[in-house]
Each structure stands twice: as C-alpha cells, then as structure tokens.
Amino acid sequence: MRLATWNVNSVKARLPRLLDWLAATRPDVLCLQETKCPDGAFPVAEVGELGYSVASHSDGRWNGVAVLSRIGLTDVMVGFPGEPGFPEPEARAISATCAGLRVWSVYVPNGRSLDSPHYEYKLAWLAALREALRDQLRSGMPLAVCGDFNVAPTDADVWDPTLFIGSTHVTELERQALADLRALGLLDVIPRPMKGPHPFTYWDYRAGMFHQNKGMRIDLVYASSSFTDAVQSAYVDREARKGKGPSDHAPIVVDAELAVPVGPREA
DNA sequence: ATGCCGGATAATATCCGA
C-alpha cells in the first residue's frame with residue numbers, strides 16, 4: 001500500500017499539480033490538508049477520473065481536510081468527539097477506513113504566538129486528539145495519523161533552532177503533546193529526504209527559503225506498530241515543491257507491505 | 001538551476017500562514 005499526505009495550500013489553486021502528482025505517484029490513499037475549499041466545491045469529479053473516492057471536510061475559507069482513496073473508503077468520520085473549536089470546531093480532522101487501515105488526515109491549529117489564545121487552542125486540540133486516538137487504537141485496526149501537525153518534533157527538524165526561540169512549533173508543551181501521542185503507541189514514520197540530511201516538509205515561500213533548504217519537518221505520519229512493521233520506505237517528495245505554483249509543503253509518501261484486500265480496488 | 005510569497009475573500013486591502 002502506498003500512503004501519502006500533503007498540505008496543498010488550496011486544492012483549487014493546486015488542482016493541476018495535484019492531478020499530475022496523483023497520476024505520477026499513484027498513492028493508494030492520500031491525506032490532504034488546507035484544502036481551503038468551500039463546502040461542496042471539492043473537485044471530486046477530477047480526482048474521480050483518476051480512480052479516487054473522496055471524503056472531505058470543509059470550512060470555507062480556511063483549513064479543510066480530505067482523504068482520497070482508490071482502495072476503498074468507508075466509515076468516514078468528520079472531526080472527532082470532544083474536538084475543541086475556536087469557538088466552534090473547524091475543519092481540521094477527517095478519518096476513514098481504507099482496505100483495513102484506519103487513516104486520519106489532520107490539520108493541527110497553528111498557534112500563532114505563545115501569548116495567543118490560538119496557542120492554548122492548539123494544545124487543547126492536540127490533547128483532545130490524543131483521547132480520540134486512544135479510542136481508535138482500542139479497535140486494534142492498523143492506524144495512520146497523517147497531516148500537518150504544526151510542531152517540529154526536535155531541534156533537528158528546523159533549519160535554525162536559535163531563530164525559533166520564543167516561537168510556536170518548537171516549545172516544550174507542543175513537543176510534549178506529540179510525545180503524548182507517541183505514548184499511546186504511535187510511532188513517527190520519519191521519511192527519507194531526497195536531498196541533504198533533513199527530511200523537511202515545509203519551506204516558507206518567502207526569501208528563497210526552499211532554495212536555501214531552510215525548512216521544517218512539521219508534516220508527520222504517526223502510526224501504530226501494526227502499520228509501521230509493514231513500512232518498507234518513506235520519503236519527502238521535494239520535487240513537488242519545485243517549479244511554478246507549488247504548495248509551500250511537500251508530500252510525504254510511505255510504502256508499506258500492508259495487504260490490500262481484493263475487492264473494491266480498481267485498476 | 002529549485003531561484004527569492006501566495007492563498008483566501010467581505011477584494012483594489014486585509015487576514016492568514018510557521
């Protein structure tokens with residue numbers, strides 16, 4: 001099974017690149033974040049032509065998550081029980097079962113700044129996610145939680161840790177929230193970088209950050225051991241960050257020897 | 001060369017992102 005996750009920074013703006021990438025990479029399942037897609041406006045027909053079914057959760061202007069699958073898509077859950085909001089829950093989580101794998105696509109709140117109510121919201125959201133995932137793990141089904149976590153797990157996951165002192169994404173509390181997810185039994189599937197030592201997944205559009213490889217690893221795949229035991233390889237597709245009109249995030253692609261049941265799979 | 005911000009909308013300015 002090929003599983004991928006990508007913060008596309010608007011599915012509308014990224015549609016030509018998304019379709020090209022799907023056709024070339026052929027993931028069985030793709031998690032999307034920041035679709036920024038009004039309700040009902042997801043390009044279902046376009047990805048359907050490539051064999052993908054869609055489960056999407058929309059907010060309108062901001063946020064937005066989706067799961068695309070060509071190996072089955074059942075038991076879709078929009079959001080999760082106890083999900084905090086600001087003040088109402090936003091479109092930040094969707095999950096579905098794809099050929100025996102429970103897949104979550106998450107877009108964790110940014111946090112903005114340490115003195116912002118959004119930072120408290122981010123921590124509360126991650127804590128509530130942990131409780132929801134604790135329940136998911138009880139089912140025993142292999143689980144992969146994919147998405148933009150907006151937290152760099154270690155100092156090695158940002159290009160210059162000294163520049164982040166006093167900023168979100170690197171604080172002890174945010175990193176502890178990730179550690180609390182791992183304490184449930186989830187493992188960080190660290191992808192191989194295509195270039196250089198750092199598997200960064202995000203580079204700011206500004207000031208040539210990508211070209212200087214000044215990036216961050218904030219997109220993550222946290223998975224149960226029943227999934228990670230089957231993982232053969234994982235990589236960051238930095239090619240997708242190049243050229244005209246890219247997202248500021250690159251996709252992560254994970255290949256696992258997880259049996260795909262015969263049935264709904266299409267050619 | 002990968003090549004120096006871009007997406008959204010209540011739009012010709014402002015919010016958001018990390």
Side-chain angles (χ1 to χ4, degrees), chain A residues 5-18 20-21 24 32-43 56-66 85-86 90-92 106-123 125-126 147-171 173-175 177-178 193-196 198-220 235-252:
Chain A
T5 184
W6 194 7
N7 179 324
V8 285
N9 186 20
S10 167
V11 71
K12 181 184 174 192
R14 217 62 59 213
L15 187 59
R17 289 188 68 126
L18 172 63
D20 287 349
W21 187 85
L32 296 176
Q33 301 85 37
E34 281 207 85
T35 54
K36 294 184 174 178
C37 184
D39 208 24
F42 194 98
S56 72
H57 182 22
S58 298
D59 231 13
R61 184 175 184 183
W62 305 116
N63 314 311
V65 286
F86 198 86
E90 302 174 302
R92 296 186 176 277
V106 300
Y107 177 49
V108 177
N110 172 289
R112 300 193 185 177
S113 63
L114 301 190
D115 58 0
S116 167
H118 284 263
Y119 180 68
E120 295 303 317
Y121 170 43
K122 179 180 196 173
L123 295 174
W125 199 91
L126 282 165
D148 180 354
F149 283 72
N150 271 320
V151 181
T154 73
D155 277 353
D157 295 312
V158 296
W159 80 93
D160 184 351
T162 65
L163 296 177
F164 283 84
I165 295 170
S167 297
T168 59
H169 294 65
V170 299
T171 64
L173 288 174
E174 290 165 287
R175 287 175 172 170
L178 292 187
M194 278 184 167
K195 179 185 171 186
H198 306 291
F200 295 148
T201 62
Y202 162 85
W203 302 261
D204 198 297
Y205 285 123
R206 290 166 282 195
M209 299 294 267
F210 177 63
H211 321 293
Q212 301 170 66
N213 201 24
K214 292 181 174 177
M216 307 173 75
R217 185 171 78 95
I218 52 175
D219 299 273
L220 306 172
Y235 67 95
V236 181
D237 187 0
R238 76 191 305 282
E239 294 294 318
R241 182 63 179 79
K242 296 180 181 179
K244 185 173 171 55
S247 169
D248 44 2
H249 294 250
I252 297 168

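Quick note on labels: first sequence line is chain A, next is B, and so on, each numbered from 1. All of these numbers come straight from a predicted model, not from anything done at the bench.
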Can you measure [X] atom [atom1] to [N] atom [atom2] for me and round it to whole angstrom units?
| X | N | atom1 | atom2 | answer |
| --- | --- | --- | --- | --- |
| A:W203 | B:dG6 | CH2 | P | 16 Å |
| A:F210 | B:dG6 | CZ | P | 14 Å |
| A:R238 | B:dA1 | CZ | P | 16 Å |
| A:N63 | B:dG7 | CG | P | 17 Å |
| A:R241 | B:dG6 | CZ | C1' | 10 Å |
| A:M209 | B:dC5 | CE | C1' | 12 Å |
| A:Y205 | B:dC16 | OH | C1' | 13 Å |
| A:E239 | B:dA1 | CD | C1' | 12 Å |

Hey, does [X] reach any base, or is it just sugar-phosphate, or nothing, if we go heavy atoms under 4.0 Å?
| X | answer |
| --- | --- |
| A:D148 | sugar-phosphate |
| A:H249 | sugar-phosphate |
| A:A207 | base |
| A:G111 | nothing |
| A:F164 | nothing |
| A:R217 | nothing |
| A:N110 | base |

| message | Starting the side chain at C-beta, find the nucleotide from B:dC5, B:dA18, B:dC4 nearest to A:R206. | response |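 My answer, after comparing the listed nucleotides, is B:dC5.
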| said: Quick check for you: among B:dT9, B:dG6, B:dA18, whose closest atom lies nearest to any side-chain atom of A:E34? | reply: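 Closest nucleotide among those given: B:dA18.
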According to a strict under-4.0 Å criterion, is [X] in side-chain N/O contact with OP1 or OP2 of [N]?
| X | N | answer |
| --- | --- | --- |
| A:S10 | B:dA8 | yes |
| A:R112 | B:dG17 | yes |
| A:Y107 | B:dA18 | yes |
| A:N150 | B:dA18 | yes |

| When the nearest nucleotide of DNA chain B is assigned to A:Q212 and to A:G60 on a heavy-atom basis, which residue is associated with the more 5' position? |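 Nearer the 5' end of the strand: A:Q212.
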| field | Residue met sooner reading DNA chain B from 5', once A:V11 and A:D248 are mapped to nucleotides | value |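 Looking at DNA chain B, the more 5' nearest nucleotide goes with A:V11.
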Between [N] and [M], how far is it from one [atom1] atom to the other, in whole Å?
| N | M | atom1 | answer |
| --- | --- | --- | --- |
| B:dC15 | B:dA1 | C1' | 34 Å |
| B:dT14 | B:dA18 | P | 22 Å |
| B:dT9 | B:dG3 | C1' | 30 Å |
| B:dC16 | B:dA11 | C1' | 15 Å |

May I ask you to decide if [Y]'s main-chain N or O and [X]'s side chain share a donor-acceptor pair within less than 3.5 Å?
| X | Y | result |
| --- | --- | --- |
| A:N150 | A:V108 | yes |
| A:R241 | A:W203 | yes |
| A:R175 | A:V151 | no |
| A:W6 | A:H249 | yes |

| field | Electrostatic pair A:D148-A:R92, nearest N-O below 4.0 angstrom | value |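 No, this pair does not count.
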| query | Below 6.0 angstrom between ring centroids: does that apply to A:F164 and A:W159? | reply |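 Centroid separation for A:F164 and A:W159: below 6.0 Å.
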| Check: A:K122 and A:N110 side chains under 4.5 Å, non-hydrogen atoms |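 No. Closest side-chain heavy atoms not under 4.5 Å.
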